[in-house]
Amino acid sequence: QRAVERDLSLNGCGLPPPGVTCLTFNHNGTMLLCGTAQGAIKIFDMRRFDQLYSWDGGSSITGLRFSCDETHVYSMSTDCALTQWSIRGAAARLQTFPNTIGAHCFALHPDTRHALLGSLNGAGIYRLTSPGHSLLSLNDIGSVTSVDWMITERTSVFIAGTKEGQIHVVNLLPN
């Protein structure tokens with residue numbers, strides 16, 4: 001039986017703690033990104049178990065990712081905004097990408113110029129500079145609730161989980 005190693009508190013100023021909506025580690029597990037139902041984005045140092053940054057990300061946060069170089073954070077919120085934040089020094093909004101398809105979940109390509117977006121109408125790969133135009137679209141797979149994208153030297157695979165209880169695996173590079 002395992003015991004909880006440590007609790008990270010989101011309490012502050014005597015207010016009730018915000019509800020956690022999403023969590024993700026950086027590549028080596030030393031930093032933790034946390035999104036809340038109240039729109040807060042927080043970064044924790046997992047070596048010291050303390051909070052490094054906290055900022056208002058808008059409406060309730062539905063997804064978070066670090067950029068590959070870990071100098072930026074990308075967030076998605078219930079208002080369907082996909083936003084890029086700089087985390088050098090104080091967190092600063094760099095840009096918000098138009099989300100004309102109503103996506104509510106995402107995964108990033110390592111180049112951070114492309115994103116896999118999931119919505120109630122399916123999933124697709126989009127260039128972030130023109131997210132209304134899909135480079136690859138899967139609109140016949142159901143209401144997508146979760147996505148991820150794995151890229152290696154030999155393969156590029158994305159997965160999409162649906163409200164209908166399916167997990168779709170799509171290999172983008174032929175064997």
Determine whether [X] and [Y] make a side-chain contact, defined as any pair of heavy atoms from C-beta on separated by less than 4.5 Å.
{"X": "Pro110", "Y": "Ile151", "value": "yes"}
{"X": "Leu128", "Y": "Leu82", "value": "yes"}
{"X": "Leu64", "Y": "Val73", "value": "yes"}
{"X": "His72", "Y": "Asp69", "value": "yes"}
{"X": "Glu70", "Y": "Met31", "value": "yes"}

Task: Heavy-atom donor-acceptor pair, Tyr53 side chain to Ile87 backbone, under 3.5 Å - done: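 Side chain of Tyr53 to backbone of Ile87, a donor-acceptor pair under 3.5 Å: yes, one is there.
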Open item on the list: Under a 3.5 Å threshold, yes or no: a donor from one side chain and an acceptor from the other, between Ser143 and Thr162?
Closed with: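 Ser143 vs Thr162: no donor-acceptor pair found between side chains.
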- [ ] Return yes if a side-chain donor-acceptor contact under 3.5 Å exists between Lys42 and Ser54, otherwise no.
- [x]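 Note: Lys42 and Ser54 side chains meet the donor-acceptor criterion.
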Task: Interatomic spacing from CG in Leu32 to CD in Gln51 - rounded to 0.5 Å - done: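 If we round to the nearest 0.5 Å, Leu32:CG and Gln51:CD are 10.5 Å apart.
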Task: CG on Asn121 to CG on Asp140, rounded to 0.5 Å - done: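 Those atoms lie 12.0 Å apart.
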TODO: Please state whether the rings of Trp55 and Trp85 are parallel, tilted or perpendicular, taking 30° and 60° as the class boundaries.
DONE: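 Trp55 vs Trp85 ring planes: tilted.
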Open item on the list: Under the criterion side chain to side chain contact (heavy atoms under 4.5 Å, CB included), I'd like the reasoning laid out for Thr62 against Phe106: C-alpha separation, chi angles, the key distance, then a yes or no.
Closed with: CA-CA 9 Å; Thr62 61; Phe106 74 104; over 6 Å; no
- [ ] Pick out which of Val157, Leu116, Ile159 makes a side-chain contact (heavy atoms from CB on, under 4.5 Å) with Asp148.
- [x]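 Exactly one pass, corresponding to Ile159.
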